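Here's the structure, in structure tokens; my notes come after.
In what follows, every chain begins at residue 1, and chains take the letters A, B, ... in the order their sequences are listed. This is a predicted model, so every value here is computed, not measured.
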Amino acid sequence: MTTTPLAAVNYPYLVVSENIGEPADILTIRDFNKVKKQLKKKIKKGTGLEMAVNPARKMDGRSVGKWFSNLRDLYAFCHSSRCQFILSSGATSQHEMISGPCLDAILKTSDIEPQSYWRSMGKWLEERLSRNVSYAKEAR
Amino acid sequence: MLKRRDKRRYLSIVHAGESSDSFVNAIIKRFSELFGSIATERAAIRLVQEGANESIIKCRLEQLENVLVAITLIDPPVVTIGMSGSIRQLRRRIQEYSLWQKSK
């Protein structure tokens, strides 16, 4: 979802936004270096910072290298600011989906340990979704 | 001294119908861009079986991680649906996958 639903809903949801100023569960980051300063000032603890793999497919070799460096920097930033690092496929069709081992390989290439990533991701997701579900239950 | 054969992995790949040669070349090109020519030769990426939408490639185990990264970052995109040390086991898994797709 791009905005919080106005009326109560009986399903779990997460609000995704590209605008750093907006309140959201997940912020999509395109170029970390460009928004780093803004993020440092405005980011709330516990927010998910998402980076998608999809744009890297269209890049040349050098830009992909920079993309990996950005990914590593974002991970370090998430660690220091207590945000959740999210690596997503950014898929819009089934051919753009990415299998688990491929995501793990990208994480390992960026010096991120896949096991700890998935563990913290699971915890964060459970905690975030349970928050939104409880809101729906109260409203029912 | 015994010269042991290098271990390899077979990867099953689903693509949107483009020719197998083109996506294998795209994987090799991307691999070379990211990890260099020497690593590309070491990876020994080869096409094993060609299909309309599904193909099988093989590579050396030591370069598997890098091959998976290269597969993920090619355009047009392809999906890795299975991975195995033996081609027989991989074919069995592909069969299971296509049965699951039909049941959907």
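Using a 4.5 Å heavy-atom threshold, the side chains of B/Glu33 and A/Val64 count as separate. At least one side-chain heavy atom of B/Pro77 sits less than 4.5 Å from a side-chain heavy atom of A/Arg57.
Pairing each heavy atom of A/Ala56 with each of B/Leu73, the nearest pair is CB-CD2, 3.7 Å. Smallest separation of non-hydrogen atoms from A/Pro101 and B/Leu68: O-CD1, 3.8 Å. Closest heavy-atom contact between B/Val79 and A/His95: CG2-O, 3.3 Å.
Cluster annotation: B/Tyr10 and B/Val78 are assigned to distinct hydrophobic clusters (Ile/Leu/Val/Met/Phe/Trp/Tyr, side-chain heavy-atom contacts under 4.5 Å, transitive). B/Ile56 and B/Ile45 fall into different hydrophobic clusters, where Ile, Leu, Val, Met, Phe, Trp and Tyr side chains are chained together by heavy-atom contacts under 4.5 Å. A continuous path of hydrophobic side-chain contacts links A/Leu103 to A/Ile26 [ILVMFWY only; heavy atoms under 4.5 Å].
The structure places CD1 of B/Ile81 at 10.5 Å from CE of A/Met97, a figure rounded to the nearest 0.5 Å. B/Thr72 contributes atom OG1, which lies 10.5 Å from atom CG of A/Asp104 (distance to the nearest 0.5 angstrom). A/Arg62 contributes atom CZ, which lies 14.0 Å from atom CG of B/Leu34 (distance to the nearest 0.5 angstrom). Interatomic distance, B/Glu65 CD to A/Ile106 CD1, rounded to the nearest 0.5 Å: 10.5 Å.
For CG of B/Leu99, the number of neighbouring non-hydrogen atoms (other residues, nucleotides, ligands) closer than 6.0 Å is greater than 12. Taking a 6.0 Å sphere around CZ of A/Arg72, one finds it holds more than 12 heavy atoms contributed by other residues, nucleotides or ligands. Within a 6.0 Å sphere centred on CD of B/Gln89, heavy atoms belonging to other residues, nucleotides or ligands number more than 12. Within a 6.0 Å sphere centred on CD of B/Glu41, other residues, nucleotides and ligands contribute 12 heavy atoms or fewer.
Heavy atoms of A/Asp60 lying under 4.5 Å from chain B belong exclusively to its backbone.
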